[in-house]
There are 2 protein chains.
Amino acid sequence: MNDPKIRNMEEFASASGISRPTVSKYFNDPQSVRESTRQRIEAALEQYDYRPNIYAINQNRRLTKNIGIVVPYLADPFFAEIARNIENLIIASGFRTILLSSHGDPKQELDNLDLLRSIKPAGVLLAPLGRASDPAAVKAFCDDVPTVLFDCNISDLGEAFIGHNNVQATEQICEYLCRTGEPPVFFEMRTPPNPNAYRRRKAYCEVMEKLGFPTQLIQVDGEGWNFEEIGYVEGKRVISQRLLTTNTVLCSNDRLAIGFLTAAFETGQRVGRGEDCALRVAGHDNHPYSRFTCPPLTTISHDYVLIAEKSVETLLSFIESGERAQSRETTLFDGKLMMRSSA
Amino acid sequence: MNDPKIRNMEEFASASGISRPTVSKYFNDPQSVRESTRQRIEAALEQYDYRPNIYAINQNRRLTKNIGIVVPYLADPFFAEIARNIENLIIASGFRTILLSSHGDPKQELDNLDLLRSIKPAGVLLAPLGRASDPAAVKAFCDDVPTVLFDCNISDLGEAFIGHNNVQATEQICEYLCRTGEPPVFFEMRTPPNPNAYRRRKAYCEVMEKLGFPTQLIQVDGEGWNFEEIGYVEGKRVISQRLLTTNTVLCSNDRLAIGFLTAAFETGQRVGRGEDCALRVAGHDNHPYSRFTCPPLTTISHDYVLIAEKSVETLLSFIESGERAQSRETTLFDGKLMMRSSA
DNA sequence: CATTTTTCTTTACGCGCGTAAATTTTTAAT
DNA sequence: ATTAAAAATTTACGCGCGTAAAGAAAAATG
């Protein structure tokens, strides 16, 4: 790991006693050279500290070994977790990863796509902002780069979509709540940034109707991605103004629920299933922190690992085949009821 | 935005009627060319969809315009927030950003540094894992690449360190707790991954001694970065086994405290300052979620923005001067007591 | 051993851009 | 208008690697 310093592949090749084209071949695929040759190169690699210049490598490739990952809001542990799983899977497949967050900002999302373009990625996994996304710009990007959408669907964009089955999940928790107590009201943002929320709203209305219960949508104001804050502020208002027609609140997502729980706590509303409780609160997503709320949050879980696996697998198959999608496939994973003590 | 497609700077130059070297100069710094020239180039940029190939650009530069950011655990909103602030500042300074998480894993941290090496970054902002980091490897990296450490100090590594004043912060919250009720016990991991914890432990012991109160360290088992889980499981044990010598618990960080609060809730220990409360619980960090615990967590806040600003500013000054640090400067920001209702 | 197949070497070119040097043009100053 | 300074152009080379073609060497086959 010392000796004279190696500056490029030429020098490394002569130091290892192998020709440069063969060394180049080795770095593109170690299995493509003869066993004995590989050993000589790897012996030299241990002796000298050389690694190919990735800029020079990628300059000539039409597409690189880079895969972009874009999430709408990385400070949300939900996306951080999913991104982590995706990263690991991609790296295990021999690709590199570039993780970008749109920070809830449509302009940032476009900047991210722009940056990715200049990186010439082999493919991109995109969880778009949703309502705030610029559909035309995203479409233009998807036309240029093989892109698989996940978590948040924008109709017809990308090669495929992998997400949650919001309908099944909402039905499941609504049925549970109706079966075990008063029917839930639906607590949500009036204009949620993410389209999953719309599907959940719709599913809530449909399943409640099917079950023969009245619906109540509590649509609160608030923009952006500070869901806990919105859930807290508006939860306090809703509780103090006695806007709830039942004692059971189904929040559109766990982060709203986390804020709502705080509101309930501060207004002295005991939350839980017990006789002495004034409210039941449920969420949606099985957010990493939902286990640690007080009381722990009853919610619908989505399998991060499954979504990550399917997304990566789908993208890699497009990359490896070099083909684009004939028809856009949509994969939805069912949610699982996480019964905890909040509802 | 259409016309014949531009393949490289040569073609773009002739399309814009400007020579290639001048165009190159423009892309390196638009202000470095004459006003009229700039306008002609920018007019052409609107007409043709061209952007320089970043691989070709970086191949010839000895150092790129890339700045690496490495955090120990991105799924922790604390780091996600700090990373977000840092990213924005760096981008505003005209650099690019590469955000990497070590996922709590020393091997991943080395992989990240390795990846950054091959990217030839202008500089790196590194929040190391701490105890688990490989000091020799990190040192070797810091020798090669201008690196500023933040959040977590490793003695003498990097050009500078920017972090929290754990001593001042711990003193402040200890004094507050002692003044307003029973003296706190210190709840922490026996072998915390992050050295900040050690400093807080030490500061706790010193300030309690200075104030003339007894100390009690509750050092719980557990490895890794699942702090909430550890705080929850061990908190339950500690409470049920009645290991607390006072009614006040100072947790080494907010994530432990979040788990501890859940443990207190589930064991029926009411937390807060009121007469009817059995426990007071405080944390450290002003974690983004600490406002939304039940009850909201009294803690010590650290100013993300200040730390981000100072870190970026420090790194950029090294990059721009092209010099390395004469003497390693350490900047510690004071914490601010966030009085909420948990203690 | 001769023959075929596989692998490696040699030679050579190109990718898209940075950048230096010498020259010409444009602008600013006198 | 003359001169000096600033900016653009032309020309040319190099960065580190991918990759193609032709020939030489090694390995596998019979």
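Below, read A as the first sequence line, B as the second, and so on, with proteins coming before strands; counting in each chain starts at 1.
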Undergrad: Figure out the CG/P separation between A/Asn28 and D/dA20, and round it to whole Å.
TA: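 Taking CG of A/Asn28 and P of D/dA20, I get 11 Å after rounding.
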
Undergrad: Please classify the nucleic acid contact of B/Ser36 as base, sugar-phosphate, or nothing, using heavy-atom distances under 4.0 Å.
TA: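 The answer is nothing, as B/Ser36 stays clear of every strand by at least 4.0 Å.
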
Undergrad: For nucleotides 13-15 of chain D, print each protein N/O atom paired with a nucleotide N/O atom at under 3.5 Å, atom names and distance only.
TA:
| from | atom 1 | to | atom 2 | distance (Å) |
| --- | --- | --- | --- | --- |
| D/dG14 | N2 | B/Asn60 | ND2 | 3.1 |
| D/dC15 | O2 | B/Asn60 | OD1 | 2.5 |

Undergrad: Could you state the atom-to-atom distance from CD of A/Glu35 to C1' of D/dA27 in whole Å?
TA: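 To the nearest whole Å, that distance equals 14 Å.
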
Undergrad: A/Ile57 has an atom CD1; how far is it from atom P of C/dG16, in whole Å?
TA: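 The answer, rounded to whole Å, is 17 Å.
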
Undergrad: Rounded to whole Å, please give me the gap between CZ in B/Arg7 and C1' in C/dC17.
TA: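 These atoms are roughly 16 Å apart.
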
Undergrad: Between C/dC17 and B/Ser24, is there an OP1 or OP2 to side-chain N/O distance shorter than 4.0 Å?
TA: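 For C/dC17, neither OP1 nor OP2 has a side-chain N or O of B/Ser24 closer than 4.0 Å.
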
Undergrad: For C/dC8, does either OP1 or OP2 sit under 4.0 Å from a side-chain N or O belonging to A/Thr37?
TA: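 For C/dC8, OP1/OP2 do have a side-chain N/O of A/Thr37 under 4.0 Å.
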
Undergrad: Working note: B/Thr22 + B/Ser19, criterion side chain to side chain donor-acceptor pair (under 3.5 Å); need CA distance, chi angles, decisive distance, verdict.
TA: CA-CA 5 Å; B/Thr22 303; B/Ser19 73; 3.0 Å; yes

Undergrad: Centre-to-centre under 6.0 Å for B/Phe78 and B/Tyr73, is that the case here?
TA: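 So the answer is no for these two rings.
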
Undergrad: Whole-Å distance between D/dG16 P and B/Ile54 CD1?
TA: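 Result: 18 Å.
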
Undergrad: CZ of A/Arg51 versus P of D/dG16: gap in Å, rounded?
TA: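 Atom CZ in A/Arg51 sits about 15 Å away from atom P in D/dG16.
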
Undergrad: Can you confirm whether B/Arg7 is buried at CZ, in the sense that more than 12 heavy atoms of other residues, nucleotides or ligands lie under 6.0 Å from that atom?
TA: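 No, not enclosed.
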
Undergrad: Under 4.0 Å between a side-chain N/O of A/Thr22 and OP1 or OP2 of C/dC8, yes or no?
TA: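 Answer is no, no contact under 4.0 Å.
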
Undergrad: Does a salt bridge link A/Glu159 with A/Arg328, judged by any charged N lying under 4.0 Å from a carboxylate O?
TA: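 A salt bridge is absent here (no side-chain N lies under 4.0 Å from a carboxylate O).
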
Undergrad: NA contact type, A/Pro52, heavy-atom cut-off 4.0 Å: base, sugar-phosphate, or nothing?
TA: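 Since only primed, P, OP1 and OP2 atoms lie under 4.0 Å of A/Pro52, the category is sugar-phosphate.
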
Undergrad: Could you check which of D/dT19, C/dC8, C/dC17 has an atom nearest any side-chain atom of A/Pro21?
TA: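 That would be D/dT19.
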
Undergrad: Should we say atom CD of A/Glu35 is surrounded by more than 12 heavy atoms from elsewhere, each under 6.0 Å from it?
TA: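 Counting neighbours around CD of A/Glu35, more than 12 heavy atoms of other residues, nucleotides or ligands fall under 6.0 Å, so yes.
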
Undergrad: Taking the nucleotide of DNA chain D with the closest heavy atom to each, which residue, A/Met9 or B/Val33, is nearer the 5' end?
TA: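 On the 5' side of the pair lies B/Val33.
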
Undergrad: Are A/Lys139 and A/Asp143 ion-paired here, with the side-chain N under 4.0 Å from a carboxylate O?
TA: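 Yes, this pair counts.
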
Undergrad: I want to check one thing: is the phosphate of D/dC17, taken as OP1 and OP2, less than 4.0 Å away from some side-chain N or O of A/Tyr50?
TA: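 So the side chain of A/Tyr50 is within the cut-off, an N or O lying under 4.0 Å from OP1 or OP2 of D/dC17.
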
Undergrad: Does A/Asn58 reach a base, just sugar-phosphate, or nothing at all? Heavy atoms under 4.0 Å.
TA: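 Result for A/Asn58 = nothing.
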
Undergrad: Between B/Leu306, B/Asp303, B/Ile307, which is the residue that forms a side-chain contact (heavy atoms from CB on, under 4.5 Å) with B/His164?
TA: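 Among B/Leu306, B/Asp303, B/Ile307, the one meeting side-chain contact (heavy atoms from CB on, under 4.5 Å) with B/His164 is B/Ile307.
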
Undergrad: Nearest whole angstrom, please: distance from the C1' of D/dC17 to the NZ of B/Lys120.
TA: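 The answer, rounded to whole Å, is 12 Å.
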
Undergrad: To the nearest angstrom, how far is B/Arg34 atom CZ from C/dT27 atom C1'?
TA: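 The distance from CZ of B/Arg34 to C1' of C/dT27 comes to 7 Å, rounded to the nearest Å.
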
